[in-house]
Amino acid sequence: MHIRGDHAELVVGGRLDVRSAADARTVLHSAVDDGAGDLVLDLTHLDSWDATGLGVIMGAHRRAGRCGRRLVLRGVPPQMQRLLVATRLHRILAIEGGLAAESLPRV
């Protein structure tokens, strides 16, 4: 996993899983604490994630809210979009541009 950027925008690449969770949490919390306004988390280059990685994102979302900021997800991979819909987290998280139509439940 690699994260690059600053307190306004971070780009996450590789795997966000149990092995990288502690490092990712440290970087995200630092970015939240050191900035103001929206913090954009670009997931375009994210290859894979697990429940721990999703937990890191949710923790950063909660921390941002407590700091008066908003965590905004950008470039959410289609598989993660489907997971966010299935878990209803798409209703809680700010997702730039919304979700692709194929990720939404069929009626």
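Side-chain atoms are counted along with the backbone in the values below, which use heavy atoms only and exclude waters and symmetry mates. Counting from 1, the numbers follow the sequence of the chain as shown.
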Any side-chain to backbone donor/acceptor pair from Asp50 onto Val18? Under 3.5 Å, distance only. yes

Using 0.5 Å steps for rounding, measure from the CG atom of Leu83 to the CD atom of Gln81. 11.0 Å

Answer yes if Val72 and Met58 sit in the same cluster of Ile, Leu, Val, Met, Phe, Trp and Tyr residues linked by side chain heavy atoms under 4.5 Å apart, and no otherwise. no

Are Val40 and Leu16 co-members of a hydrophobic cluster defined by side-chain heavy atoms under 4.5 Å apart? no

Shortest non-hydrogen pair, Arg69 vs Leu39, comes out as NH2-CB, 3.6 Å

Is there a side-chain contact between Leu93 and His61 (heavy atoms, below 4.5 Å)? yes

Considering all heavy atoms of both residues, which atom of Leu71 and which atom of Ile57 are nearest to each other, and what is their separation? CD2-O, 3.6 Å

Report the distance from atom NE2 of His29 to atom SG of Cys67, rounding to the nearest 0.5 Å. 9.5 Å

Under the side-chain contact (heavy atoms from CB on, under 4.5 Å) rule, what do Asp33 and Arg63 come out as? Steps first, then yes or no, please. CA-CA 8 Å; Asp33 294 345; Arg63 189 178 189 108; 2.7 Å; yes

List in chain and number order the residues that pass salt bridge (charged side-chain N to carboxylate O under 4.0 Å, His left out) with Arg4, two or more places apart in sequence or in another chain; answer none if no residue qualifies. none

Could you tell me whether a side-chain N or O of Ser20 sits under 3.5 Å from a main-chain N or O of Asp17, the two making a donor and an acceptor? yes

Carboxylate-amine/guanidinium proximity below 4.0 Å for Arg70 and Asp38: yes

Could you state the interatomic distance from CD (Gln79) to CG (Leu46), rounded to the nearest 0.5 Å? 10.5 Å

Quick one: pull up CD in Glu96 and CG in Asp42 and give me the separation to the nearest 0.5 Å. 8.0 Å

Would you kindly confirm whether Leu28 and Val11 end up in one hydrophobic cluster when ILVMFWY residues are joined by side chain heavy atoms under 4.5 Å apart? no

Can you name the nearest heavy-atom pair linking Gly5 to Leu10, along with the distance? C-CD2, 3.8 Å

Out of curiosity, Leu84 CG to Ile92 CD1, how far, rounded to the nearest 0.5 Å? 10.0 Å

Under the 3.5 angstrom rule, does the side chain of Thr26 hit a backbone N or O of Ala22 as a donor-acceptor pair? yes

Begin from the C-alpha positions of Trp49 and Met80 and carry the test side-chain contact (heavy atoms from CB on, under 4.5 Å) through to its verdict. CA-CA 8 Å; Trp49 59 91; Met80 183 179 271; 3.4 Å; yes

